[in-house]
Amino acid sequence: MPELPDVENVVNKIKPYVVGKVFKDVEILDPLLLQTSPSKLKKVLIESRVEELERRGKFILFYLAPPRTLILHLRMTGDLLWFPTSKERHLHDRLIFFFEHGEMRFRDQRRLGKVYLVPERGFSSIKALSTMGPEPLSPSFTFSLFDELLRRKKGKIKSILMDQSFVAGIGNIYGDEILFQAGIRPTRRAENLKGGEKKVLFKKIKEVLWEAVSDYEQLSEKSSWFINWRRKGVCPRGCGRLERVKIGGRYSYFCPSCQK
DNA sequence: AGTCAAACCTGGGCGC
DNA sequence: TGCGCCCAGGTTTGAC
């Protein structure tokens, strides 16, 4: 599931329940996800308060008091769920965080998710976070910044969009959506994009992600979205079959007629 | 630096 | 029904 809009949605959903609240217990059902020791996680979290909750790229950061940072990454199949009252466990529940008024669960079918605990209010010890590119929805992510960063890159544009150190939060699906809406093939090389194409691409990065974040619930029903046609292998505009290419180990889909 | 394959995991779907 | 293979909205690592 989780790329920027999905993670943003998870954070917004969980936020009202946990900000200002104190961890009372942690149940570790699957230590595989932990990048810290179970005993340390329990010891540190219990009686810690959640000061703030924030998304950075596809990471979720819990800023704690006393100062520590709990960091979650949902990877492919992770999700965070809130239960006001205890319910029976789901097969894929990996971690349960107990508060006085309810519990937050980290559910993850494929067990690829990650849980980090770092000192202070920082994350310099996590490489992916310390080298993370700009937040695409931030006002400081301007066309001139995008253009400047892009000039330093070579290679297929799809790989670059998915590169978290280039720009944060875009994955395989939204990468395809952005390129479809921009009318650019995923195989195009960054160094060959024309000025106008870069402008459109920048605009679509903002537009697609912004719309996905603000209209998250409706998204799966929107037939205008490439996302909902991708798997069927047919262009939403009726051009016919989509083509599939492997880029950076993932399949990219594109319409050979709409995308140049 | 870019690209590719493989690894980390589980499970659904498909062909035989 | 069973088996093997492909695929999945992510990231890291190691080789060329």
Side-chain angles (χ1 to χ4, degrees), chain A residues 1-11 29-35 55-61 71-80 90-95 106-116 123 125-133 136 148-181 186-193 205 208-209 211-213 215-217 219-222 225-233 242-254:
Chain A
M1 172 189 32
E3 296 183 39
L4 185 152
D6 316 288
V7 180
E8 178 75 17
N9 193 254
V10 166
V11 167
L29 303 165
D30 184 1
L32 181 71
L33 316 211
L34 302 188
Q35 306 298 299
R55 179 191 59 74
R56 178 77 178 95
K58 300 171 191 170
F59 286 83
I60 301 171
L61 294 87
I71 301 174
L72 308 182
H73 197 300
L74 306 175
R75 294 280 196 111
M76 294 282 263
T77 52
D79 197 7
L80 272 187
H90 185 277
L91 174 65
H92 300 136
D93 287 337
R94 307 299 177 190
L95 221 52
F106 191 154
R107 192 168 284 179
D108 183 13
Q109 187 209 102
R110 284 171 65 182
R111 306 171 75 205
L112 292 165
K114 299 281 177 212
V115 177
Y116 308 81
F123 41 74
S125 54
I126 300 174
K127 202 176 156 214
L129 270 168
S130 60
T131 60
M132 181 86 54
E148 186 195 321
L149 295 174
L150 199 56
R151 279 174 205 279
R152 295 187 210 153
K153 304 286 280 184
K154 273 184 170 176
K156 301 193 180 83
I157 191 62
K158 176 70 182 297
S159 290
I160 294 166
L161 284 183
M162 289 194 300
D163 179 354
Q164 301 300 296
S165 69
F166 174 71
V167 58
I170 300 173
N172 198 31
I173 286 285
Y174 284 98
D176 274 7
E177 181 72 44
I178 289 163
L179 288 170
F180 174 75
Q181 291 203 26
T187 47
R188 287 285 298 284
R189 311 207 113 242
E191 58 271 33
N192 296 336
L193 290 179
I205 290 173
V208 164
L209 295 177
E211 194 178 343
V213 164
D215 201 11
Y216 189 79
E217 303 296 331
L219 212 59
S220 57
E221 294 155 30
K222 285 199 180 169
W225 278 65
F226 187 66
I227 286 176
N228 300 322
W229 290 77
R230 215 182 80 123
R231 301 301 307 284
K232 289 181 249 171
L242 302 176
E243 282 184 31
R244 191 179 83 153
V245 282
K246 209 168 192 176
I247 299 172
R250 331 289 316 271
Y251 283 115
S252 294
Y253 294 79
F254 67 94

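Because the structure is predicted, anything quoted here is derived from the model rather than measured. Each chain gets a letter, A, B and so on, in the order the sequences are listed, and its residues count up from 1. For the numbers below, each heavy atom of this structure counts, side chains included, while hydrogens, waters and symmetry mates do not.
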Novice: Using Watson-Crick pairs (N1 to N3, plus N6-O4 or O6-N4) and G-U wobble pairs, both distances under 3.5 Å, which stems of at least 3 pairs involve DNA chain C?
Specialist: B:2-8 with C:10-16, B:10-16 with C:2-8
Novice: Look up atom CG in A:L33 and atom CZ in A:R75, then write down how far apart they are to the nearest 0.5 Å.
Specialist: 10.0 Å
Novice: Roughly how many Å is it from CG in A:L32 to P in B:dT10, rounded to a whole number?
Specialist: 8 Å
Novice: Write down the distance between CG (A:L129) and P (C:dG10), rounded to a whole number of angstrom.
Specialist: 16 Å
Novice: Looking only at side-chain N and O atoms, does A:H92 come under 4.0 Å of OP1 or OP2 in B:dG11?
Specialist: yes
Novice: A:D108 and A:G78: which non-hydrogen atoms are nearest, and at how many Å?
Specialist: OD1-N, 3.5 Å
Novice: Once you apply a heavy-atom cut-off of 4.0 Å, does A:R230 come out as touching a base, just sugar-phosphate, or nothing?
Specialist: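 Sugar-phosphate contact only - A:R230 comes under 4.0 Å of backbone atoms but never of a base.
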Novice: Among the candidates C:dG10, B:dT10, C:dA8, find the nucleotide nearest to the side-chain atoms of A:Y251.
Specialist: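 Out of C:dG10, B:dT10, C:dA8, the nucleotide with an atom closest to A:Y251's side chain is C:dA8.
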Novice: How many Å lie between CZ on A:R110 and P on B:dG12, as a whole number?
Specialist: 12 Å
Novice: How many whole angstroms separate atom CG of A:D6 from atom P of C:dG9?
Specialist: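 Taking CG of A:D6 and P of C:dG9, I get 11 Å after rounding.
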Novice: A:R231 CZ to B:dG12 C1': how many Å, rounded?
Specialist: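 So the CZ-C1' distance, A:R231 to B:dG12, works out to 11 Å.
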Novice: Please state the P separation for the pair C:dC3 and B:dC9 - nearest whole angstrom.
Specialist: 24 Å
Novice: Can you build the contact string for nucleotides 11-16 of chain C? Use B for base contact, S for sugar-phosphate-only contact, and - for no protein heavy atom under 4.0 Å.
Specialist: BS----
Novice: Check for a donor-acceptor pair, side chain of A:Q181 on one end and backbone N or O of A:V208 on the other, with a separation under 3.5 Å.
Specialist: no
Novice: Round to a whole Å and report the spacing from CG of A:D30 to C1' of B:dT10.
Specialist: 12 Å
Novice: Could you give the NE2-to-P distance, from A:H90 to B:dG11, as a whole number of Å?
Specialist: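 For the pair A:H90 NE2 and B:dG11 P, the rounded distance is 10 Å.
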Novice: Take atom CG of A:L112 and atom C1' of B:dA7, then tell me their distance rounded to the nearest Å.
Specialist: 10 Å
Novice: Checking side chain to side chain contact (heavy atoms under 4.5 Å, CB included) for the pair A:D215/A:K222: CA distance, chi angles, key distance, verdict?
Specialist: CA-CA 10 Å; A:D215 201 11; A:K222 285 199 180 169; 2.8 Å; yes
Novice: Look at the side chain of A:T77 and the backbone N and O of A:R110, then say whether any donor-acceptor pair between them is shorter than 3.5 Å.
Specialist: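 Checking the backbone N and O of A:R110 against the side chain of A:T77, a donor-acceptor pair under 3.5 Å is found.
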Novice: Would you mind classifying the nucleic acid contact of A:K156 as base, sugar-phosphate or nothing, using non-hydrogen atoms under 4.0 angstrom?
Specialist: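 Counting heavy atoms under 4.0 Å across all strands, the contact made by A:K156 is with sugar-phosphate only.
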Novice: Hey, is the side chain of A:K246 poking within less than 4.0 Å of OP1 or OP2 on B:dC4, counting only N and O atoms?
Specialist: no
Novice: Picking from C:dG9, C:dA8, B:dC4, which would you name as closest to the side chain of A:Y253?
Specialist: C:dA8
Novice: Which of parallel (below 30°), tilted (30 to 60°) and perpendicular (above 60°) describes A:F180 and A:F226?
Specialist: parallel
Novice: Taking the six-membered ring of A:Y253, is the NZ or CZ of A:R230 close enough (under 6.0 Å from the centre) and on axis enough (within 45°)?
Specialist: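 Ring-cation test returns no.
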Novice: Is a salt bridge present between A:K58 and A:D6, judged by a nitrogen-to-oxygen distance below 4.0 Å?
Specialist: no
